[in-house]
Structure formats: structure tokens, C-alpha cells
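Note on naming: letters A, B, ... go to the chains in the order of the sequence lines (proteins, then strands), and numbering restarts at 1 for each one.
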There are 2 protein chains.
Amino acid sequence: MTDERPAPVPAPGLRERKKRRTRDALLRAALLLFVAQGYEQTTVDEITDAVDVSQRTFFRYFANKEEVAFAVQDLVESHFVAALRARPVSEGPLEALRRAVLDAWDTLDEALSEVVPVDLYMRTYQLIESTPALLAVHLRRSAELEERIALLIADREGLDVDADPRPRVAVAAVSGVMRVTGRLWGQGGDASVASIRRMTEACLDQIGPALAARWH
Amino acid sequence: MTDERPAPVPAPGLRERKKRRTRDALLRAALLLFVAQGYEQTTVDEITDAVDVSQRTFFRYFANKEEVAFAVQDLVESHFVAALRARPVSEGPLEALRRAVLDAWDTLDEALSEVVPVDLYMRTYQLIESTPALLAVHLRRSAELEERIALLIADREGLDVDADPRPRVAVAAVSGVMRVTGRLWGQGGDASVASIRRMTEACLDQIGPALAARWH
DNA sequence: TGTGAAGTGTCAGTCGCTGTCACTAGCCTG
DNA sequence: CAGGCTAGTGACAGCGACTGACACTTCACA
């Protein structure tokens, strides 16, 4: 299924392989230290000592200490975007968003296992939700992701995002709900993928009822 | 209208007045420097030099450099919460939220003018929206505000937030839409209150249509 | 095999932020 | 109103995140 196109990735070369190895080592060491003793309690020096490189090298791979915490999140987000792209245009925007989210959770394991165990990602995600400095960055990143998704949705529907506010509004509403989900999940005891998938479904089911004029 | 209750605020005392004066001076100097030359380009030393106090003193008034940028935002948020509390229970949750937001914009001028000119606040707000580090913090603060509002809404409707997800979901959806508004306003040229009020109304009008199953 | 460039370590320095301690100036009591 | 108490401040030392400059090693490619 892969390895069929010889052109773009023929032989990485020793230099490239070395680079990837140090980056991966830094990433893994950082995440382990973060989940073990907390983000703020972990210094960059500790991370680089664990991998035995200089501090300067860390900052050549990651723009700042936060970035390393979101490296895996990057993968998860592109995984979701891919799932959304895969939805047929025949589905309405909300339907497509909902199915894409659930699909993404279902297939997360395979998509991630090459780089980092899903388990470690889940613990990192909880760390992000519970560390104020990381949560702030996470929310800003989510806002950027929202914009990408809004463009995608507008494209599906053949609309211009700047002329019609509905794509952005719909995505904002759904994302808001998803954030509630993430927070509730982070506070709950069950850190499994199954658990967050279940909560996602439940919260999305409530979006219609919640926006009704009367609740009684 | 004031000065009728002698008990809680009889005479601030010289010490108290001095404190308030340095705090106000720091706040004003900081905001002016921020909007003039940018947040990251302004060092804490520059701020304290402008007021002629030591750097240490700055950090006795503000926990960190960000906090001073959000001091006015704090006022605006409590102003909005007050507006929401003032809405009669007879209004449904969405109706109340909508009217509270618009009310808050309409009366912002009076509520703020004592402390800082509205104009300076508006420029600060645009600075926050356009400075990544500040935007991140702003979004986290907004999330905290959302939680407060969700509790308020649940209270109005006589519901338990943890049993019924609708308060959080509704507030999340509306807040998401409001964030889109804020961003669009920040990018647009018109930095007036009237402008953001108008955009708020327009975006909130779209929340129903945007969540319809089909857009065509 | 030698030359250029990519990747790294070292060092010095800036900035945000904190703990400590001595000192000054309002306040409060006798 | 004198003298002690304490809140508020400044000066200083120090940590951790981050950056720029430069020299050195090591791979790549002719």
C-alpha cells in the first residue's frame, strides 16, 4: 500500500536519520518528563540532559518549550482534517463534522502508534487541559484549526467564507461544544479514547436542544 | 447618588490612595506603551521607568506582564455579567444572552470612562486579538468566563450544570460565535463600539441558520 | 579526497519573574 | 506627640526561557 512511489523518499541519508532520531528522542523525553512531574516543573535542561544534547539544540528543533507539548497534537489535528475531507459532500455540514470527529477518534490508534503510544498522547492531552499555560496555547491553536475547518466547510458547500458567515458560525458553535467535551473528559477519571468518543457523541447530541428558545 | 453610605468607604487613607495611584499609573503607562509599540516590544523595565518605580513594585501589583493587559478586560467582563443578571427570567437562555451582550456594548462607555477612556480599551482589545501570546491568554480567560455564565444560566433555568449539559453547550456555542465576531471586528478597519455591536447582532442572527441540516 | 555546508556545543547576554532583606513612611496606641 | 508596628518599596542576587555569535565536528557531494 505504501512504498510504491520511489521518488520523494528514496534514502533519507545518515544526516537526516540522525536529525529525526534526536528530534524523536527530545520529544519522547519531554513528554515523559511532563506527564511524570508536570510541565512547569520540567526545565529544558532536564530534557536535554536526558537526551544528552545541549540546550541550544533543543531550541533548534522546537521554537519554544510549549511547542514540544503540541507536536503530537499536530498529528491528531491533521488526522481529523483528513477524516473531514473524506466525508462525502452529500452530507450536510453538521453531519459531516460530527461523523469526521467520531471517525477520527476511532482510527486514532493506527494513525499515531508509529510515533508515540496513544496512551502517552492521552496523558499529554490531559496535561494540556490541566496546565493553564498550555491550555491557553491549546485554545489559540484550536482557533486556528477552526479557521481551517471553516474554509473547508465553505468549500464543500461552495460558499465564500467572507460573504456568508454560516461556515465560521457553525464551526465555532461545534468547536465550542467540543471544547466542553474535552474539559469534561479531562476532569473525569476515565482517560480512554472510548470514553472521550462517548462524551463527544453525547455533547453533540445536545447542541440542537440547547439552542432551542425554551428548555422546559 | 453616592456618598450616602458612610460605613464601607469612609476615608481611604493616604496609604491606600498612594497605592491606587501607583497602580493606575502603571496600568495607564503599560497600555499606552503596548498600543504604541507592541506588547512584546515593551519591557517591564520600560513601564516602571515611565512611572519611576522599581521593577519589583510592578510585580507586586500585577502577577505578570500579561495581567496588566487584561485589567480593563476584567471590568468589561463583570459589566457583561451584570447585564446578564439584569435580564428577566422570563426570557429564554439564548434571548437573555443576546440582549445582555447588546446591552453591555450600549452601556460600556459609562461603565469604563472612570478608569480608562473607552478608546484606549478598544485599541487594547485589538492588540490582544493580534498578539498571539495575549490572544492565547484571552481565550483561556474567556473559557473561564464561559463557565461562570453557564452556571448563571443553569441557575436561571433551575437546572444542575452537571446533570444537564445544555447550559454549558448553549453558552459554548454562543461564545464561539462571539469569538468569531471579535476576530472579524479586530481585522476590520472600524474600531468603534458601534461597529462591534452591529457585528455581534449580525453574527448571532446567523446561529440558527448555520446549524440547520442543509444550507441550500 | 578535499571542500562546502549542515548540525552542534559553548558562551555571553536579555527578559520575565521570584526570594530576601533592609529601609522608609504612614498608622496607631499610649 | 513619641515611639513602635507594619505595609509598601528599592536594591540585589538568582533562576529559567530564549537568542545571537562563533568555532568546531561531521556528513555530503563533486
Rounding to a whole Å, what distance do you find between [X]:[atom1] and [N]:[atom2]?
X     : N      : atom1 : atom2 : value
B:E40 : D:dT19 : CD    : C1'   : 14 Å
A:D45 : D:dG14 : CG    : P     : 18 Å
A:R56 : D:dA23 : CZ    : P     : 16 Å
A:Y39 : D:dG16 : OH    : P     : 14 Å
A:E46 : D:dA17 : CD    : C1'   : 14 Å
B:F59 : D:dA13 : CZ    : P     : 19 Å

So does A:D52 have more than 12 non-hydrogen atoms from other groups sitting under 6.0 Å from CG? no
Given [N], is OP1 or OP2 found less than 4.0 Å from the side-chain N or O atoms of [X]?
X     : N      : result
B:K19 : D:dG8  : yes
B:Y61 : D:dG8  : no
B:T57 : D:dA11 : no
A:K65 : D:dC18 : no

Checking side-chain polar atoms at under 3.5 Å, does [X] have a donor or acceptor matched by the opposite partner on [Y]?
X     : Y     : result
B:E66 : B:Y39 : no
A:Q55 : A:T48 : no
A:E67 : A:Y61 : no

Going by atom type alone, with no hydrogens or angles, which donor-acceptor pairs under 3.5 Å involve a side-chain atom of residues 125-135 of chain A and a protein atom two or more places apart or on another chain?
from	atom 1	to	atom 2	distance (Å)
A:S130	OG	A:Q126	O	2.9
A:S130	OG	A:L127	O	3.2
A:T131	OG1	A:L127	O	2.8

Donor-acceptor check, side chain of B:R156 to backbone of B:R87, threshold 3.5 angstrom: yes or no?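 Yes; judged by distance alone, with no hydrogens or angles, the pair exists.
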By nearest nucleotide on DNA chain C, pick out whichever of B:K18 and B:R60 is the more 5' one.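 By nearest-heavy-atom nucleotide position, the 5'-most residue is B:R60.
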Name the residue closer to the 5' end of DNA chain C, choosing between B:N64 and B:E16 according to the nucleotide with the nearest heavy atom.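 The answer here is B:N64.
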Answer with yes or no whether A:R15 presents, from its side chain, a donor or acceptor under 3.5 Å of a partner atom in the base of D:dT26.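 Indeed there is one.
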Tell me, please, the opening and closing nucleotides of DNA chain C, 5' to 3', among those with an atom under 4.0 angstrom from a non-hydrogen atom of chain A.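 First-to-last contact on DNA chain C, by the 4.0 Å heavy-atom rule, is C:dA5 to C:dT10.
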Do you know the tightest heavy-atom contact between A:W185 and A:D190?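 Looking at all heavy atoms of both residues, the shortest contact is NE1-O, 3.2 Å.
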Across the strands shown, which category fits A:T43 at heavy-atom distances under 4.0 angstrom: base, sugar-phosphate, nothing?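 Sugar-phosphate, backbone atoms only, no base.
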Touch class at under 4.0 angstrom, heavy-atom based, for B:T48 against every strand present: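 Since no nucleic acid heavy atom lies under 4.0 Å of B:T48, the category is nothing.
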